[in-house]
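Okay, structure first, notes after.
Side-chain atoms are counted along with the backbone in the values below, which use heavy atoms only and exclude waters and symmetry mates. These figures come from a predicted structure and were not determined experimentally.
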Amino acid sequence: FPVTIPVIGYEVYDSSDPTTAYGTVRMKQGTPPTISGSGGTDFDVADTDTKLCVFVSGNDVILKNRLGSSKTIIVYRKI
């Protein structure tokens with residue numbers, strides 16, 4: 001039987017505006033995990049200057065603030 005590896009979705013928000021998501025990330029579990037995403041101009045699924053970044057490093061998924069100012073980030077798992 002084939003094994004289905006679940007794809008998990010997450011939404012990333014700034015706590016000061018929890019009604020507007022920076023972006024949505026889809027992560028497929030594995031070694032290493034794979035991610036894809038979409039969002040506004042301040043969001044990327046790579047380690048990019050001036051963005052809120054979600055990317056894979058080794059076997060870890062990293063959330064990194066490269067926006068240039070402090071943010072309190074909220075991540076919700078989409079069901």
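Across Cys53 and Ala46, no two heavy atoms sit closer than the pair CB-O, 3.2 Å. Of all the heavy atoms in Phe43 and Tyr22, the pair that sits closest is CB-O, 3.3 Å.
For the atom pair CD1 (Ile73) and OG (Ser16), the distance works out to 8.5 Å, reported to the nearest 0.5 Å. To the nearest 0.5 Å, atoms CZ (Arg26) and OG1 (Thr34) are separated by 11.0 Å. Note that OG1 of Thr48 and CG of Asp42 are 12.0 Å apart. Values are rounded to the nearest 0.5 Å. Taking NZ of Lys71 as the reference point, atom CG of Asp17 lies at 9.5 Å (rounded to 0.5 Å).
Residues Tyr10 and Phe55 are members of separate hydrophobic clusters, defined by side-chain heavy-atom contacts under 4.5 angstrom among Ile, Leu, Val, Met, Phe, Trp and Tyr. Cluster membership check: Leu63 shares its hydrophobic cluster with Val56, using side-chain heavy-atom separations under 4.5 Å among Ile, Leu, Val, Met, Phe, Trp and Tyr.
No side-chain donor-acceptor contact under 3.5 Å links Asp60 to the backbone of Ile62. In this structure, Lys51 contributes its side chain and Thr41 its backbone to a donor-acceptor pair below 3.5 Å.
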**Report entry** Leu52 and Leu67: CA distance, side-chain angles, deciding distance, side-chain contact (heavy atoms from CB on, under 4.5 Å) verdict
**Finding:** CA-CA 6 Å; Leu52 181 64; Leu67 292 167; 4.2 Å; yes

Report task. Report the C-alpha distance between Ser36 and Lys28 in whole Å, list the side-chain angles of each, state the deciding distance to 0.1 Å, and finish with yes or no for side-chain contact (heavy atoms from CB on, under 4.5 Å). Result -> CA-CA 9 Å; Ser36 62; Lys28 185 175 182 181; over 6 Å; no

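Applying side-chain contact (heavy atoms from CB on, under 4.5 Å) to Val25 and the options Ile35, Val61, Val75 leaves one that passes, Ile35.
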